[in-house]
Amino acid sequence: MQVKRFFAADMRQAMKLVRDELGSDAAIIGNRRIAGGVELTAALDYKLSALAPRVPNPELEDELRKTQSRIATAQAELSSRSDADDGNRQLFAGLSLTASEPLVEPHVEQPAAPAAPAVAPVDPRLFDAMRSELSGLRELLEVQLGSLAWSQLQGSKPLQANLWRRLQRVGLTGALARELLDLTGEIDEPRQAWRMILAHLARMIDVPEIEPIEEGGVIAMVGPAGMGKTTTLAKLAARYVLKYGAQNLALVSMDSFRIGAQEQLKTLGRILNVSVTYVDPGESLAQALEPLLRKRVVLIDTAGLQASDPALRMQLETLAGRGIASKNYLVLATTSQKQVLTAAYHSYKRCGLAGCILTKLDETACLGEVLSLAISHELPVAYLTDGPRIPDDLHLPRKHQLVSRAVSVQMQEDPSEEAMADMFADLYHNSGKRVG
């Protein structure tokens, strides 16, 4: 038997090291959290592995699922018991009682015992350690279940497996890919199934019935720094002026944090012959907007602040105020990573989002991630931008064209087996539902 320890930043990287060095027949015989990551102990028994079955094992999957469920139950029980006064005495049913609680024979009267001393509370660090271990076990199971589910799908449903790969090349999330594939379960012809998937994907994208600047009102660009808010506002302003003139448009800047931000808007206002109002932190946005209410459209440029910055919370609360009635559009650069896009949505949804604007389409290598976010959170896609020209590179979205563009910029190579297994592990983590 060959036994070896592996160290990595997280469970998935550790599992990849095990697979790369010992192969898929290696058994995990230990895992623990360490400073800076995790430690896995893996073993490879050549005699046993030679006899190991190479086909999917439904019984093993069922057992892994039961274990995963037990871990989830244990985590919930642990959390509830850690808050109870008597939770320190007995963590799980079936464990022996403490010495201060002697066992008593049933139906036998016992003389009153002297009062036992109070049980010292259990060190909270023990609970933290147990939670950490349970979390590690759950993550390990999810990784193993993901790999098992992906292997089983390839063996039993090769058409479905190929469609999964194609959707991953586009960059769609596992949850959205599963929803799309569920709609093609009865189709056996690959091209027909793929066309149906793309048609369904197009229908899932929401776009406004009326273009925002045609509808009018107060429109704010919100989002983190670097997403293209100011440039997008410039394109919207120029689009409106070219169509309707400058007299019914006003610009407002809430960005007093970025060097040169107000100067950019001042230059734009001078070029378009449009008034620009500056609102510093602490000033009333409602009062600043009051003399502008006669304008048909008011465009607001906001500061791109970090989620932890108190000024961001103040800015979002201002936009969500009753006297503002602004339609807030989350500006998302399609070049951003999935984690950045998700964090942006959760940071800015507090102000109430009317939709999103997708920027930098000319630079992106993947559209699936931002489309997945817009679909899953029901954000209408209001505009697209794909270049520096003002306003020529601002476009109204067309659902089927957007899907076609997402397919055209997809990854050229199929995702690795590890990436597919990780995606299935994410599905187990997020929903616990059976995949395939």
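Counting from 1, the numbers follow the sequence of the chain as shown. Below, each value reflects all heavy atoms present in this structure, side chains not excepted, and no hydrogens, waters or symmetry copies. Model, not experiment: these values are computed from the prediction.
When all heavy atoms of Ser347 and Leu316 are compared, the pair lying nearest together is O-CD1, 3.2 Å. For the residue pair Thr277 and Ala288, the shortest heavy atom distance occurs at CG2-CB, 4.3 Å. Here the shortest heavy-atom pairing between Thr385 and Lys235 reads CB-NZ, 3.7 Å. What you find for Cys366 and Gly171 is that their closest heavy atoms are SG-CA, 3.7 Å. Annotation for Asn273 and Ala246: closest pair O-CB, 3.5 Å, computed over non-hydrogen atoms. Of all heavy-atom pairs between Ala234 and Ile390, the closest is O-CG2, 3.7 Å.
Remark: side-chain polar atoms of Ser336 are not paired, donor with acceptor, to backbone N or O of Leu341 under 3.5 angstrom. Formation of a donor-acceptor pair under 3.5 Å by the Thr231 side chain with backbone atoms of Gly228 is not found in this model. A side-chain donor-acceptor contact under 3.5 Å links Lys327 to the backbone of Gly216. Between the side chain of Glu39 and the main chain of Arg5, no donor-acceptor pair closer than 3.5 Å is present. Between the side chain of Thr334 and the backbone N or O of Thr359 there is at least one donor-acceptor pair closer than 3.5 Å. The closest donor-acceptor contact from the side chain of Asn328 to the backbone of Cys351 lies under 3.5 Å. Side-chain atoms of Ser372 come within 3.5 Å of backbone N or O of Thr173 as a donor-acceptor pair. Side chain of Lys399 to main chain of Met204: no donor-acceptor pair is present (N/O by atom type, distance under 3.5 Å, no hydrogens or angles). Within the 3.5 Å criterion, the main-chain N or O of Met221 finds no donor-acceptor partner in the side chain of Tyr329. Between the side chain of Asp309 and the backbone N or O of Leu305, no donor-acceptor pair lies under 3.5 Å.
Contact check for Leu332 versus Ile357: no side-chain heavy atoms found under the 4.5 Å cut-off. Two residues are said to be in side-chain contact when any heavy atoms from C-beta on lie closer than 4.5 Å; Tyr383 and Thr232 fail this criterion. Side-chain contact check for Leu159 versus Pro190: some heavy-atom pair is nearer than 4.5 Å. With contacts defined as side-chain heavy-atom distances shorter than 4.5 Å, the pair Val252/Leu289 qualifies. Side-chain contact between Arg191 and Glu189 is present, with at least one heavy-atom pair separated by less than 4.5 Å. Within the 4.5 Å cutoff, the side chain of Arg239 has heavy atoms near those of the Glu211 side chain. At least one side-chain heavy atom of Met254 sits under 4.5 Å from a side-chain heavy atom of Leu319. Counting heavy atoms from C-beta on, the side chains of Tyr348 and Pro224 come closer than 4.5 Å.
To the nearest 0.5 Å, the span separating CG on Leu330 from CG on Leu379 amounts to 6.5 Å. Here the NZ atom belonging to Lys360 is positioned 8.0 Å from the CE atom belonging to Met227, to the nearest 0.5 angstrom. Annotation: the span from Ile197 atom CD1 to His200 atom NE2 amounts to 8.5 Å, rounded to 0.5 Å. To the nearest 0.5 Å, atom CG of residue Asp182 and atom CD of residue Glu179 are 8.0 Å apart. Here the CG-CZ distance, from Leu183 to Arg178, works out to 12.5 Å after rounding to the nearest 0.5 Å. Within the model, atoms OG of Ser326 and CG of Leu299 stand 11.5 Å from one another, a figure rounded to the nearest 0.5 Å.
Between His377 and Tyr345, the ring planes are parallel. Angles under 30° get that label, and only those over 60° would be called perpendicular.
For the pair Lys229 and Asp255, the salt-bridge criterion is not met [side-chain N within less than 4.0 Å of a carboxylate O]. In summary, Arg350 and Glu317 do not engage in a salt bridge, as defined by a charged side-chain N under 4.0 Å from a carboxylate O.
More than 12 heavy atoms of other residues, nucleotides or ligands lie within 6.0 Å of CG in Asp362, so this atom counts as buried by the packing criterion. Within 6.0 Å of CD on Gln339 lie more than 12 heavy atoms contributed by other residues, nucleotides or ligands.
No donor-acceptor contact under 3.5 angstrom links the side chains of Glu214 and Tyr240, judged on distance only. Donor-acceptor pairing under 3.5 Å is recorded for the side chains of Asp301 and Thr230.
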Going through the distances and angles, do Leu384 and Asp386 end up as a side-chain contact (heavy atoms from CB on, under 4.5 Å)? CA-CA 7 Å; Leu384 310 173; Asp386 59 359; over 6 Å; no
Evaluate side-chain contact (heavy atoms from CB on, under 4.5 Å) for Leu249 paired with Val298, printing each intermediate quantity in order. CA-CA 6 Å; Leu249 175 68; Val298 178; over 6 Å; no
Decide side-chain contact (heavy atoms from CB on, under 4.5 Å) for Asp206 and Glu378; before the verdict, give the C-alpha distance in whole Å, the side-chain angles of both, and the deciding distance to 0.1 Å. CA-CA 7 Å; Asp206 190 14; Glu378 299 180 349; over 6 Å; no
Stepwise, does the side-chain contact (heavy atoms from CB on, under 4.5 Å) test hold for Glu215 with Val297? CA-CA 9 Å; Glu215 190 174 16; Val297 174; over 6 Å; no
